[in-house]
Engineer: 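Before I ask anything, here is the structure I am working with.
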Amino acid sequence: MTLMNVLVDFARTGRVGALRCGMPLAEAEDLLGPGRPHPAHIMKGPDIDGYPYSWGGLRLVVTQRAVSGIWISLWSAPTAHLPPLVLPDSESFDATVLKEDLITGLDIAGCDHEVNSALTFGEQSSILTQPAEVCAVFSLPGRDHHVPHRDQHYLDVMHKHTT
């Protein structure tokens, strides 16, 4: 399995492997191991809503102890880490995914997508996949990002939220 397979599957289904919005946090932690909770969870207790638990580049937003959002973040560093459940046999991977490459992968998989005008402005662009409603946000590389194509958009984050 490659990172592109994970991203395209997430875009098509709204799931990351067995992870899905609506599942209990306890079930997600059974699959992933204990996550690193946001400091708000530590300070105010596990019943505080809207703050993520993280496993490297994977974040789960929690509301009423259930997964209400799934995020895959890539721009945190040139190399990203995802838990083995998400990307088996890979401790880390190159976190640079060109917008054109992801769009091509979605088209090959038959995953419909449209411009997400709410998050397309300035040097950033975004798409929303159908029917899973996964949002992908792309941006131009910053000064500290060492990439081969400085004038092209790279995937920053993909996320899905329950409504």
Engineer: Please round to the nearest 0.5 Å and tell me the distance separating atom OG of S126 and atom NE2 of H153.
Structural biologist: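 One gets 10.5 Å once the value is rounded to the nearest 0.5 Å.
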Engineer: Just verifying a value: how many Å separate L3 CG and L82 CG, rounded to the nearest 0.5 Å?
Structural biologist: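 L3 CG to L82 CG: 6.5 Å, rounded to 0.5 Å.
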Engineer: Could you go step by step and tell me if Q124 and D156 meet the side-chain contact (heavy atoms from CB on, under 4.5 Å) rule?
Structural biologist: CA-CA 9 Å; Q124 133 176 339; D156 182 20; 5.8 Å; no
Engineer: How about L98 and Y154: do any of their side-chain heavy atoms sit closer than 4.5 Å?
Structural biologist: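 Sidechains of Y154 and L98: in contact.
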Engineer: Is it possible for you to say whether M4 and I72 belong to one hydrophobic cluster, with membership spreading through side-chain heavy-atom contacts below 4.5 Å?
Structural biologist: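 Same cluster.
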Engineer: Going from CG on L106 to CG on L102, what distance comes out if it is rounded to the nearest 0.5 angstrom?
Structural biologist: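 CG of L102 is found 4.5 Å from CG of L106.
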Engineer: In Å and rounded to the nearest 0.5 Å, what is the CG to NZ distance from L140 to K99?
Structural biologist: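 Rounded to the nearest 0.5 Å, the CG-NZ separation comes out at 10.0 Å.
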Engineer: Would you say the side chain of L32 lies within less than 4.5 Å of the side chain of L19, judging by non-hydrogen atoms?
Structural biologist: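 Yes, close enough: below the 4.5 Å cut-off.
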Engineer: Between atom NZ of K160 and atom CZ of R20, what is the distance when rounded to the nearest 0.5 Å?
Structural biologist: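 Answer rounded to 0.5 Å: 12.5 Å.
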Engineer: Could you state whether F138 and V115 fall into the same hydrophobic cluster, counting links through intermediate Ile, Leu, Val, Met, Phe, Trp or Tyr residues with side-chain heavy atoms under 4.5 angstrom apart?
Structural biologist: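 In one cluster: no.
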Engineer: Using the ring of each side chain (for Trp, its six-membered ring), is W71 parallel, tilted or perpendicular to H161, with breaks at 30° and 60°?
Structural biologist: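 Answer is perpendicular, since the angle exceeds 60°.
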Engineer: Under the side-chain hydrogen bond (donor to acceptor under 3.5 Å, both in side chains) rule, what do N5 and T2 come out as? Steps first, then yes or no, please.
Structural biologist: CA-CA 5 Å; N5 295 124; T2 67; 2.7 Å; yes
Engineer: Please confirm whether the backbone N or O of V6 pairs with a side-chain atom of D9, one donor and one acceptor, at under 3.5 Å?
Structural biologist: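 No, because the side chain of D9 does not come within donor-acceptor range (under 3.5 Å) of the backbone of V6.
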Engineer: I need the minimum non-hydrogen distance between A28 and M23, along with the two atoms involved.
Structural biologist: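 Looking at all heavy atoms of both residues, the closest pair is N-CE, 3.9 Å.
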Engineer: Run the side-chain contact (heavy atoms from CB on, under 4.5 Å) check on V137 and H159 step by step: do they pass?
Structural biologist: CA-CA 9 Å; V137 180; H159 58 89; 4.3 Å; yes
Engineer: Does a sphere of radius 6.0 Å around CD in Q64 hold more than 12 heavy atoms from other residues, nucleotides or ligands, not counting ones at 6.0 Å or beyond?
Structural biologist: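 Open: at most 12 neighbouring heavy atoms sit under 6.0 Å from CD of Q64.
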Engineer: To the nearest 0.5 Å, what is the distance between CZ on F10 and CD1 on I70?
Structural biologist: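 Answer for the CZ-CD1 pair, F10 versus I70, is 5.0 Å.
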Engineer: Name the residue from L128, V134, I127 that meets the side-chain contact (heavy atoms from CB on, under 4.5 Å) definition with Q130.
Structural biologist: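 Going through L128, V134, I127 one by one, the side-chain contact (heavy atoms from CB on, under 4.5 Å) with Q130 is satisfied by L128 alone.
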Engineer: Hey, mind stepping through M158 and L74 against side-chain contact (heavy atoms from CB on, under 4.5 Å) and telling me if it holds?
Structural biologist: CA-CA 9 Å; M158 286 183 76; L74 298 184; over 6 Å; no
Engineer: Of all the heavy-atom pairs spanning G14 and A132, show the shortest one and how long it is.
Structural biologist: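 Answer, listing the atom of G14 first, then A132: N-CB, 3.5 Å.
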Engineer: Please report the shortest heavy-atom distance between G22 and T162, naming the atom on each side.
Structural biologist: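 Answer, listing the atom of G22 first, then T162: N-CG2, 4.3 Å.
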